[in-house]
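A, B, ... follow the sequence lines: proteins, then strands. Residue 1 opens every chain. Small disclaimer: the values here were computed from a predicted structure and weren't measured.
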Number of protein chains: 2
Amino acid sequence: MTEQTAPLTRRRLRTWLRILRLTRGAENHLREFLRAECDTTLPRFDVMAALYRADKPMKMSELSQKLLVSNGNATAVVDRLEQDGLAIRVASETDRRVKHVTLSDAGRDRFAVLARAHEAEVDKLFANLGHDELDMMRTIIRRMEGPSQ
Amino acid sequence: MTEQTAPLTRRRLRTWLRILRLTRGAENHLREFLRAECDTTLPRFDVMAALYRADKPMKMSELSQKLLVSNGNATAVVDRLEQDGLAIRVASETDRRVKHVTLSDAGRDRFAVLARAHEAEVDKLFANLGHDELDMMRTIIRRMEGPSQ
DNA sequence: ACTTGAAGCTTCAAGCTTGAAATTAATAAT
DNA sequence: ATTATTAATTTCAAGCTTGAAGCTTCAAGT
């Protein structure tokens, strides 16, 4: 009897590389879409999305944790959004170390438009996925994150 | 009868965000691992991996296509690897526009070590995935990339 | 009250990344 | 042969990203 199936370790590596490739491809597509059609960037979009969904002022540290980026990174992107008048920093009244960030009115209006375009583009990108595949995907991702978590 | 299942468009978006989150988490983990344990970076590792697997000199443009990055990016990373003596650029003899890149002997030796450590870390990271989940994952990814491709 | 330690944010240098412009070279079309 | 087009790579500016260092502020422990 010959060795039929690849060893688990090797298969995990190959699968990880496939996921990485898929994600990079999709990210590149969305970056180009945001640039060409919406005149913005992926990191700016991500920050605006987080602020929009939070629906209330967010601490800088909450923001960077949410997005899985460093604090320094969050500072830099929020700086640029603030310069463009899309985000606002407000000093906390209870703790003078923390700064709260929100979208400005202009920022909320802008993101509402961006979100529609972005969602439509993601829909196109994953048009091959129906409810069945989405169910499978959710199951697998949950399992990947750990059965205990 | 109430609206039970989320609309397809919305589910596709949510799934994409979940994938993105999973990938970023894993990438952050591996970046930190390569930095702390192997004293290198993710982009350097990726370039070395591509060169190692190609097993023959590779055009700069082939490299950037393989990794889904811009030409300028490939140039920059290869520059640094070359400075560190891990990669070598060789001018093509048949077409004076193209440069071939390879790992140096030192580069191959170095990557052999890195690859083992990296594979082991990926194995730990996805320890929850057995053959069944890996099969499912492959099926879904293929379907995402398009039924026709 | 005072010190110590930790938390929240920013700053900074180095490296990464893109997209556009520039350079050089091959190919095609007059 | 000359010109135009296309291709391969590099260069460059701007922006992104990290990790470490620094600053300010809060919370505990003495």
Side-chain angles (χ1 to χ4, degrees), chain A residues 20 23-25 27-48 57-84 86-101, chain B residues 20 23-25 27-48 57-84 86-101:
Chain A
L20 206 46
T23 307
R24 278 207 197 152
E27 264 191 310
N28 285 349
H29 180 95
L30 290 173
R31 173 183 301 113
E32 170 61 14
F33 171 76
L34 287 176
R35 190 191 66 78
E37 307 292 327
C38 305
D39 191 33
T40 190
T41 69
L42 223 31
R44 279 168 153 92
F45 180 86
D46 285 346
V47 167
M48 293 181 79
M58 209 173 176
K59 302 198 324 189
M60 287 299 291
S61 48
E62 288 173 344
L63 184 59
S64 54
Q65 279 179 7
K66 188 81 170 175
L67 300 179
L68 302 182
V69 300
S70 68
N71 286 343
N73 184 1
T75 296
V77 179
V78 168
D79 279 351
R80 287 181 208 106
L81 288 176
E82 206 173 18
Q83 280 172 12
D84 294 348
L86 299 172
I88 303 171
R89 263 186 260 239
V90 185
S92 165
E93 298 187 353
T94 61
D95 185 336
R96 282 189 298 178
R97 290 172 301 180
V98 341
K99 305 264 178 81
H100 292 298
V101 206
Chain B
L20 204 48
T23 306
R24 278 206 197 154
E27 264 191 308
N28 286 349
H29 181 93
L30 290 172
R31 182 199 332 286
E32 171 60 13
F33 171 77
L34 287 176
R35 189 190 66 79
E37 307 292 327
C38 306
D39 192 34
T40 190
T41 68
L42 222 31
R44 279 167 154 93
F45 180 86
D46 285 347
V47 167
M48 292 182 79
M58 209 175 177
K59 303 198 322 189
M60 288 299 291
S61 47
E62 289 173 343
L63 184 59
S64 54
Q65 279 178 7
K66 188 80 170 176
L67 300 179
L68 302 181
V69 300
S70 68
N71 287 342
N73 184 0
T75 296
V77 179
V78 169
D79 279 351
R80 287 182 207 106
L81 288 176
E82 206 173 19
Q83 280 171 11
D84 294 349
L86 299 172
I88 303 172
R89 263 184 262 238
V90 184
S92 165
E93 296 187 355
T94 61
D95 186 336
R96 283 189 297 175
R97 290 171 301 180
V98 340
K99 306 264 178 80
H100 292 297
V101 206

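Looking only at distances, no side-chain donor or acceptor of Asp39(B) sits under 3.5 Å from a matching main-chain atom of Leu34(B). Remark: the backbone N or O of Leu86(A) is not paired with any side-chain donor or acceptor of Asp84(A) at under 3.5 angstrom.
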Fill in: Test log, rule side-chain contact (heavy atoms from CB on, under 4.5 Å), inputs Val47(B) and Val78(B)
CA-CA 8 Å; Val47(B) 167; Val78(B) 169; 4.3 Å; yes

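Taking atom NZ of Lys99(A) as the reference point, atom C1' of dT11(C) lies 12 Å away to the nearest angstrom. Glu93(B) places its CD atom 16 Å from the C1' atom of dA25(C), with the value rounded to the nearest Å. Between Lys59(B) atom NZ and dA26(C) atom P there is a gap of 12 Å when expressed in whole angstrom units. Look at CZ on Arg89(A): it is 12 Å from C1' on dT11(C), rounded to the nearest Å. Rounded to whole angstrom, the span from the CZ atom of Phe33(A) across to the P atom of dG19(C) amounts to 15 Å.
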Protein-proximity profile, nucleotides 16-24 of chain D, B/S/- by nucleotide at the 4.0 Å heavy-atom cutoff, equals SBBSS---B

Using a 3.5 Å cut-off and no angle test, enumerate the donor-acceptor pairs between side-chain atoms of residues 57-65 of chain B and protein atoms at least two apart in sequence or in another chain.
| unit_1 | atom_1 | unit_2 | atom_2 | d |
| --- | --- | --- | --- | --- |
| Glu62(B) | OE1 | Lys59(B) | N | 2.9 |
| Ser64(B) | OG | Met60(B) | O | 3.4 |
| Ser64(B) | OG | Ser61(B) | O | 3.1 |
| Ser64(B) | OG | Asn71(B) | OD1 | 2.7 |

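At the heavy-atom level, Ser61(B) lies under 4.0 Å from the strands shown only through sugar-phosphate atoms. As judged by a 4.0 angstrom heavy-atom cut-off over every strand, Arg24(B) is placed among residues making no nucleic acid contact.
Across all non-hydrogen atoms, the minimal contact from Leu68(A) to Asn28(B) is O-ND2, 3.1 Å. The shortest heavy-atom contact between Met48(A) and Leu81(A) is CG-CD1, 4.0 Å.
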